[in-house]
Structures are given as structure tokens and as C-alpha cells.
2 protein chains.
Amino acid sequence: MKGPRTRAVPAAPNPGEARRPRFRRQLPEQRRAALIAATIECLKRYGHDGLSIRTISAQAGVSVGLINHHFPNKDELVAAAFSHFNRELVDGLKAAAARAASPAARLRAFLEASFSPPNLDADVLAVWVVFWGLYRHSRPIQRVQSETYTDYVRLVRGLLADLLDKGAESGRRRGKGGGVNLRLAAIGLTALLDGLWLEWCLEPGKFRPREAVALCEGWVEALCRRAAGWNSA
Amino acid sequence: MKGPRTRAVPAAPNPGEARRPRFRRQLPEQRRAALIAATIECLKRYGHDGLSIRTISAQAGVSVGLINHHFPNKDELVAAAFSHFNRELVDGLKAAAARAASPAARLRAFLEASFSPPNLDADVLAVWVVFWGLYRHSRPIQRVQSETYTDYVRLVRGLLADLLDKGAESGRRRGKGGGVNLRLAAIGLTALLDGLWLEWCLEPGKFRPREAVALCEGWVEALCRRAAGWNSA
DNA sequence: CTCATTGTTGAACGATCGTACAACAGCAGC
DNA sequence: GCTGCTGTTGTACGATCGTTCAACAATGAG
């Protein structure tokens, strides 16, 4: 009883009824994008339980077998979804910052974009957290993470560097930022940002997005003051 | 064929061999603790995949059925493990802070404990992250989170309050902390702390624990200066 | 020793998981 | 209309999931 698999004959098409296609073929690229979108949507709705081939294919409105036609296995689909998710976030923040003129305005726009929809959303954090949970034990996820996280830190660091350089022009020192360690400053701001983001998503009632922006700006102000050498006078 | 289940007769005990008990009975409390410890160990080793009844029971050295004898279902076991994990962390930090004398030393001890083993460990973060991934869709997890997170923030807030009060004695103002919003300050420090912790665990090579402590202390120093009213002179 | 209590076992169940694959069918080219 | 390519379907499979439950056995009480 292990012979080649057969399939039941499909029901005879209803005569007199306009024959509609049962599905539409799509270009692999479009279909891949749709499957990635469905994966993220499932993560938002059902958390880690949403990471199942059947749930995702149902969300995308396709059959179970299609996923393995476009992705070699589930891990690669999840990694592709993670990559897309990451890329959208970083690109969105980068674009928001680029729309402003001065370094200070760019940083402010970056912070406000970080603490506004669609980024500041409990669903979004839920997706992140599921990905992080896979991080330790999934090589593809690790690869994507190291690729995009570097971009993110570089963005924050660039924004800070521009701000400090401008401030230094009217300040006392120059060069390495007036004794301020730019590397540590970027790490600190990133941490404060991510921490506030995380806290807000876990308990949205504890503080307001405006307050989070204010905390970050206060931190940057203190940094600028130190860069200008206020404390050595 | 749905009659009552029977079991195969056990193999006859080897004659002449000292008969050893096949298992040892334990008090429910001890067994529960062992199962919780096994759950956390599995999470550290295998991530979310470790959250299976069979994996956990194997880790604990018991049979699959025992878990449901001590816990009504898997969710309750996981919630109990989360609660224990949370409690150990908060109690450990609280104890570390309590060992110091002055408010400043207490805060320093708290920070250093936060950025030292066993808290600063990639395995530990992996466990956290799996729990967070369950947060949105598990009522028991949410219950535990709201119970212990409040304790944590209260601890940070208390440490900050003591520090600011002491500083205010020799400062210019008193009462509400010299214009400093204690609620926001506690939120900010918690966020900075958690963010640095998260970043270090994700990419331990980017900075050193000592630098994380320094960043936090710098943040607190700036806060104290503002509380003392340096900027209104 | 006997007996009752109850912590413990492990097979069985039905559900669901990821993947494989043979057949089907949409659609462009003729 | 016909043909070929290939995107798509849906069943089947074996593995593993959480849970149940009747039987077993460790242990204290008598």
C-alpha cells in the first residue's frame, strides 16, 4: 500500500455556470512578498503559535504546499520575514530623519518616528520578541540580525555625530566630540530608546510616547552639554 | 477496541540482584520546584523548542505523565517557571542593593549586580525573550508579569528617591525632588538598564559590562545635577 | 508483616506539525 | 484550438505535540 499517490477526481463543474479560475498564478517575487506579509500578520495575531505553515498559508489564501515551492523550508521563510521586518523599520526611521534639515531636527524626527505608529505598537513588539526568541538557535535569523542591526546603530551614531559636530563649532572643543565617547553615546541612546519602546509596548499605560521622546531628548541634551565642556569650566 | 487500557507485564526482576526502587517519591512542593528548574534549563538550552512536556520531563528525569499530576496543564507550569524566574531576579537585585549602606552605594551595587552574572547572561535573556513572546497570548503569563514588574519598578524608584532626597539635603530644593519627575526618572533608568542589558546579550562584543554601568551612572549623575538645580542658577 | 495512600509511570489518543510529491490548471506562445 | 511550462493544489506521511488514565509501586501507619 505504498504505491504512487493518486487524487480523487474533482467534482464535475456546475454546467451553465461561468467557469472562474480556482486560483491565479503570480510571479514568484510577488508570491514571496505575499507569503512574507502573511507570516508577519500571523505573528501579530497569534504570536509564536502563528508560525505554522498551515496558519500562514491560510492567512495568505493559498494551499499548504505553495510555501515549500517558494521557500526551501519554514526557517528560510521566517528569516525572510524577519529581514523584511527589519528593513522596513530601519528604512522608515532613516527616511523620517532624512526629511528634516538640521541635525537637531533630524534627531528629533527620528525619535518621534520611533515613538509613533506604526513602530510603537504592541503587535510590532510581539513580532520582534518572537524573532528574538528564535535568535539563539536559528542561523538564518542570526545572519539577518547581524546584517540589519549594524545599520541601525550606524544610523543612530550618524545622527549623534552630526549633532555633536555642529554643537562643537560653537563650543569649546572639536574632533572627538569634546571628550564624549561617540561609540558609547550611540550605544546608550540606542539602549534608552529600545528600553522605552519595550516598556511602553509591554505596559502602554505607564507613560506616554511624548514622555519617551522627552526622556531621549533630555539624554541627548546632557550629552551635548558635556561635549561643549560645561563641566570643566 | 476502545476498552480500558491495560499495560504489559513488567520484565521479571533479575533474581539475585539487589532490588532498587525505580523512582523516589517526593513531596509535591519539591517536585514542583524541580519541574520548574527543568523548564528553565530547557529554555536556556533549546529556546522555545525546549518548551515541550517531553523535553522538560526528560530534563527532570521523570515520566511525561508526572507534569500533569503536579500542574493542571503546560501553561500553568510555564507561568510558574516565569514567576520563579522573575522572583529570583528581583530578589537578587534587591538583596545586592540592601547590602550597601548609603543611597549612592546601594544604587551602584544594584547596577553592578544587573550587569554581572548570573543576570548578564545570553542564556538568561533567551529565557526572558521566550516568556515575552508568550506574553500577549497567555493570561497566566500576563498575570505574573504585572505582579512582578511593578515590584521591579518600585525597587528602582526607591533607589532613585533615596538618592535624590539625600542630595536635596545639601542642595537648593526639597520635596518633589527639585523639579525632577521621579516617576519619569525611574522609567528612564529602567529603560536604559533594560536596553543595555538586551543589547549586551544580543551582541556581547559591542561593549563591556563596566561601560554599561558607567552609562547608567552618568545618567543618574545628570539627574542628580538637575535635581540640585544647577540649570536654574 | 498487611494495608491504604498517593506519587509515579508509560502506553495510547487525537490533533497538529513540516515536508514531499503526483496531479491539476492557469496562461503565454503558437 | 492545442501545447508546454510551471505555479499551484491537496492528500499523504511520519514525527511530535499536550493530555488522559489505568496500573504500578514507594512509603508511612497499623
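All chains are named by letter (A, B, ...) in the order of the sequence lines, taking the proteins before the strands, and each is independently numbered beginning at 1. Keep in mind that this is a model prediction, so the values were computed, not measured.
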For the pair made of [atom1] in [X] and [atom2] in [N], what is the distance, rounded to whole Å?
| X | N | atom1 | atom2 | answer |
| --- | --- | --- | --- | --- |
| A:Ile53 | C:dC17 | CD1 | P | 10 Å |
| B:Ile56 | D:dG18 | CD1 | P | 8 Å |
| A:Leu66 | C:dG18 | CG | C1' | 15 Å |

Counting just side-chain N and O atoms, does [X] come under 4.0 Å of either OP1 or OP2 of [N]?
| X | N | value |
| --- | --- | --- |
| B:Arg22 | C:dG10 | yes |
| A:Arg31 | D:dT8 | yes |
| A:Ser63 | D:dG10 | no |
| A:His69 | D:dT8 | no |

**Message:** At 4.0 Å (heavy atoms only), tell me whether A:Val64 reaches a base, stays on the sugar-phosphate, or touches nothing.
**Reply:** base

**Message:** What contact category does B:Leu51 fall into here, base, sugar-phosphate, or nothing, at under 4.0 angstrom with non-hydrogen atoms?
**Reply:** sugar-phosphate

**Prompt:** Starting at the 5' end of DNA chain D and moving along, which residue's nearest nucleotide shows up first, A:Gln26 or B:Asn68?
**Reply:**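 First, find each residue's nearest nucleotide; the 5'-ward one identifies A:Gln26.
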
**Donor-acceptor pair (no angle test) under 3.5 Å: B:Arg25 side chain, C:dT6 base** =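 Side chain to base: pair found, below 3.5 Å.
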
**Message:** Counting distance alone, no hydrogens or angles: does the base of D:dG18 have a donor or acceptor under 3.5 Å from a partner atom on the side chain of B:Arg54?
**Reply:**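 Answer is yes: a donor-acceptor pair is held.
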
**Request:** Measure from the side-chain N and O atoms of A:Ser83 to the backbone N and O of A:Ala79, and report whether any donor-acceptor pair falls under 3.5 Å.
**Result:**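 No.
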
